[in-house]
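I have placed the structure first, in the form of structure tokens, so that the comments after it can refer back to it.
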Amino acid sequence: MTTPITKVVFPVAGLGTRFLPATKAIAKEMLPVADQPLIQYAVQEALEAGIEEFIFVTNPTNERILKAHFEANEDLEATLAERGKTAELKVVTETTLADNQVKFCYQDQPLGLGHAVWCAREFVAHEPFAVILPDDLIMAAPGCLKQMMDAHTKYGGNVVAVEDVPRELTNRYGILDVDQDDGKVASAKGLVEKPAPEEAPSTLSIIGRYILDAQVFAHLDKKMTGAGGEIQLTDAIAATIGDVAFHGLRFDGQRFDCGSMNGFVEANVAFGLKRSNHPDELRSVLKNHI
Ligand code: G1P
């Protein structure tokens, strides 16, 4: 029997420098893809997977805007109700999370993803937990984290989402040193953060979804730096291989790298076509640009 996973950590302290000036006054995670901010997709994916507690690792500026998004906005709700805008009212009320479901902690220095997750350790305590990087937006049904929860029920331990990437891109990802691979689930004997293409042990890369055993904190506590001089989550997970089961799941779905301009625009096209009330009209205007 595996312990149910009820907590998710969102590392959202970044400055979003690649999206300046859009991110001058708002967190990168508040940028909309079609009609929803990125963070909203991440929360919905977590809710679908059974998550009950949402831990944002952030900074005071981003906290304010994230809080405002997830708490009730009574004035707006009253106005929408008055105007009979029931569909819009439903959309707005569905974004509200209860106060006791939402936790904030700060990462005051950009010391790496491992450090960001470590900052959430007191809220996570000793339970297994999920991590979602909202920049990695995944279109999938069921959602990627739900697929991973099912794998976790089967295998326990650490489960990460993985995807094969072109070899020339291995230096952007955590890469598995594969042990066994049945084409859907792979186990690994090691993990390497952002290896050069010629040094990468495989092309199977970690995408921003993790289910982790709290043992990773024992390694993150040591504050050891790795690739790029940062405290890497990949290194902490790698250090538990042998003690904790490790599996990489090739999820069913499409991932968009919303940390890059092209990935973000592609996501807007894909989610726009899916969420628009007039997708044919959108398809036809898009054709004018290609
Ligand atoms: C992080 C992780 C990396 C992972 C990637 C997925 O890198 O360190 O292992 O493959 O997310 O998006 P980052 O994109 O933050 O540099």
Side-chain angles (χ1 to χ4, degrees), residues 8-19 23 27-29 31 33 38-39 41-42 45 57-58 62 107 109-120 130-140 144-145 148 158-178 186 188 190-197 199-212 216 219-220 223-241 246-251 253-264 266-267:
V8 66
V9 175
F10 297 123
V12 287
L15 295 178
T17 50
R18 281 200 237 171
F19 286 90
T23 49
K28 177 177 62 167
E29 293 72 21
L31 295 178
V33 168
L38 270 172
I39 192 69
Y41 290 95
E45 186 180 327
V57 181
T58 188
N62 289 357
Q107 183 190 24
Q109 286 173 283
L111 299 179
L113 178 60
H115 177 252
V117 171
W118 178 82
C119 292
V131 177
I132 293 184
L133 311 187
D135 268 6
D136 278 335
L137 179 56
I138 298 178
M139 189 184 275
C144 182
L145 192 64
M148 292 168 68
N158 293 325
V159 176
V160 302
V162 296
E163 184 169 87
D164 283 292
V165 297
R167 183 161 279 275
E168 64 271 20
L169 299 185
T170 57
N171 59 1
R172 296 189 191 171
Y173 299 96
I175 301 289
L176 275 64
D177 187 356
V178 175
L191 303 171
V192 193
E193 181 68 11
K194 301 194 172 80
E199 281 158 21
S202 78
T203 54
L204 200 54
S205 73
I206 302 176
I207 299 308
R209 301 287 181 282
Y210 306 77
I211 294 175
L212 299 176
V216 289
H219 297 274
L220 293 173
K223 306 247 177 92
M224 278 161 65
T225 53
E230 295 188 341
I231 301 170
Q232 297 293 353
L233 185 58
T234 305
D235 294 341
I237 301 169
T240 67
I241 292 176
F246 174 89
H247 292 91
L249 175 72
R250 287 184 182 83
F251 56 95
Q254 197 184 352
R255 171 245 180 185
F256 300 89
D257 173 11
C258 291
S260 75
M261 173 85 79
N262 286 359
F264 179 74
E266 186 192 359

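On a predicted model such as this, the values are computed, not experimentally measured, just so you know. Nothing fancy with the numbering, it's 1 onward along the sequence. We count ligands from 1, going down the list as the structure has it; atoms in each ligand are counted the same way.
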Side-chain heavy atoms of Thr58 within contact of Phe10, under 4.5 Å: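 Thr58 does not reach Phe10 side chain to side chain.
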Starting from [atom], what is the nearest protein heavy atom, named by residue and atom, and what distance separates them?
{"atom": "atom 5 (C) of ligand 1", "answer": "Ile206 O, 3.9 Å"}
{"atom": "atom 1 (C) of ligand 1", "answer": "Leu113 CD2, 4.0 Å"}
{"atom": "atom 11 (O) of ligand 1", "answer": "Leu133 CD1, 3.4 Å"}
{"atom": "atom 2 (C) of ligand 1", "answer": "Glu193 OE2, 3.6 Å"}
{"atom": "atom 7 (O) of ligand 1", "answer": "Lys194 NZ, 3.2 Å"}

Looking at atom 14 (O) of ligand 1, would you say a protein heavy atom lies below 4.0 Å from it?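 There is no protein heavy atom less than 4.0 Å from atom 14 (O) of ligand 1.
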Distance-only criterion, 3.5 Å: show the donor-acceptor pairs between side-chain atoms of residues 166-175 and protein atoms not counting sequence neighbours.
residue, atom, partner, partner atom, Å
Arg167, NH1, Pro197, O, 2.6
Arg167, NH1, Ala200, O, 3.2
Thr170, OG1, Arg167, O, 3.3
Thr170, OG1, Pro195, O, 3.0
Tyr173, OH, Arg255, NH1, 2.9

Report, in ascending order of atom number, the atoms of ligand 1 lying under 4.0 Å from any heavy atom of [X].
{"X": "Thr234", "value": "9 (O)"}
{"X": "Gln232", "value": "8 (O)"}
{"X": "Asp136", "value": "6 (C), 12 (O)"}

Just to check, does Leu233 reach to within less than 4.0 Å of ligand 1 when the distance is taken from its heavy atoms? no
Just by distance, do the side chain of [X] and the backbone of [Y] share a donor-acceptor pair under 3.5 Å?
{"X": "Asp235", "Y": "Met224", "result": "no"}
{"X": "Glu45", "Y": "Leu145", "result": "yes"}
{"X": "Gln107", "Y": "Gly112", "result": "yes"}

Check this for me: Leu111, atom CG, are more than 12 non-hydrogen atoms of other residues, nucleotides or ligands nearer than 6.0 Å?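 More than 12 heavy atoms, drawn from other residues, nucleotides or ligands, come within 6.0 Å of this atom.
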In terms of side-chain geometry, is the basic nitrogen of Lys28 or Asp135 positioned less than 4.0 Å from the acidic oxygen of its partner? yes
